[in-house]
Amino acid sequence: MNLLELLKKLKGVEPDKHYTEKSRLIILSTPLAKKLKYTSPWLPQLKFIGAFAIASLIFFILLGGFSNSKFSAPLKLSNLDPVGLKAEADAIDIQIQLTDIHYQESSGAENESTQALPLNNVQKQAENLSLKNQTPSTSTPEITIDEALDRLSR
Amino acid sequence: MDGTQDKAFRNQIGSFSLSGIDGEERIVRSAVKGEASSFGLLYDYYQPKIYRFVIIKVGKREEAEDLTHQVFLNAWQNIRSYKHHGFPFSSWLYQIARNEVIDFYRTRKYESRLDYLDENYFISPASAEFKFDQGLEMERVKLAMKQMKPDYQDVIIMRFVEEIPIKEVALAIGKSEGAVKLIQHRALKELKKILS
């Protein structure tokens, strides 16, 4: 008998009938695990709408939506106050001007002298230079070195 | 479900044939919905096949009975997760059976000694007519198969014992049809070599 015929003969192997009946009874009497099943046909749409609503809310919050609402005035953020921001900007401008002038003054003196200029005379310099600021010209004033030194020493 | 209801259901169905795809799909759909009687029909049809598959691989009747029972219990408990989509129910069952056998070898100490093999597992009313020499030959084949790789065993059993189409075998073992053909050829060659 060839191999394939022998293998086909193995099909004659059968389980015991008593075992089969017992096993079948046990299996079919075992209840299925209850699984939560949503049968609503609207569920997919509801899921989409819910996801869209949450995404919109997060987007709205990120854009600072609450700060623009009159109902949430207490939550207004300080850095979004335009008046305060303008005042802050003006203050920054003044400081820049003083610093700028101080730099010009000190850089002009350093070119002629090896001595370091005092850096803590900002106020005096500001007073002296306020006279200069009256002139619209932004170019370097034509003064002698001696005059500049005199001014700084005062 | 008691025996009376089961008989009534079978009478209603009549002499059905699970070989027809339409018939099996209808029964499987009903079983997936939780109809125990429908799953009972599937059990009646596939249980001998799965039992043969398992007993040829593990060798002992008691172990084969336990494993077969576990296969169908798992299938019934997870029937709701089964989706056809071109995946035959038989392939799904054989997948579960393969996994059960793998777990059996992992968790238990498997000994390949000859005296562990059940001498009587071939004896059944269907095999009673076998001649003595044929019985010995089949036992030789069985012993030879146990020396082969699991994939080779699976393909030999499904293709040549149960005569399952290549496509279903491929789905059951998770390989392509081409791979199954190749395994089939190599498995037969190796089996012949071992027997010779």
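Letters go in sequence order (proteins before strands), and every chain restarts at 1.
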| Exercise: identify the closest heavy-atom pair between B:E190 and B:Q147 | OE2-O, 4.4 Å
| task | Mind telling me whether B:Y46 and B:F89 have parallel, tilted or perpendicular rings, with 30° and 60° as the class edges? | result | tilted
Contact part of [X] toward chain A, heavy-atom cut-off under 4.5 Å: side chain, backbone, both or neither?
X	result
B:V161	both
B:I157	neither
B:F160	both

| Between CE of B:M148 and CZ of B:R186, what distance do you get to the nearest 0.5 Å? | 12.5 Å
| Minimum side-chain heavy-atom gap B:I79-B:W92 below 4.5 Å | yes
| query | Any salt bridge between B:D151 and B:R98, counting N to O under 4.0 Å? | reply | yes
| field | Greatest number of heavy atom pairs closer than 4.5 Å to chain A - which of B:F72, B:F39, B:Y43 | value | B:Y43
| Heavy-atom pairs under 4.5 Å with chain A, option from B:Q47, B:E65, B:E163, B:Q77 with the top count | B:E65
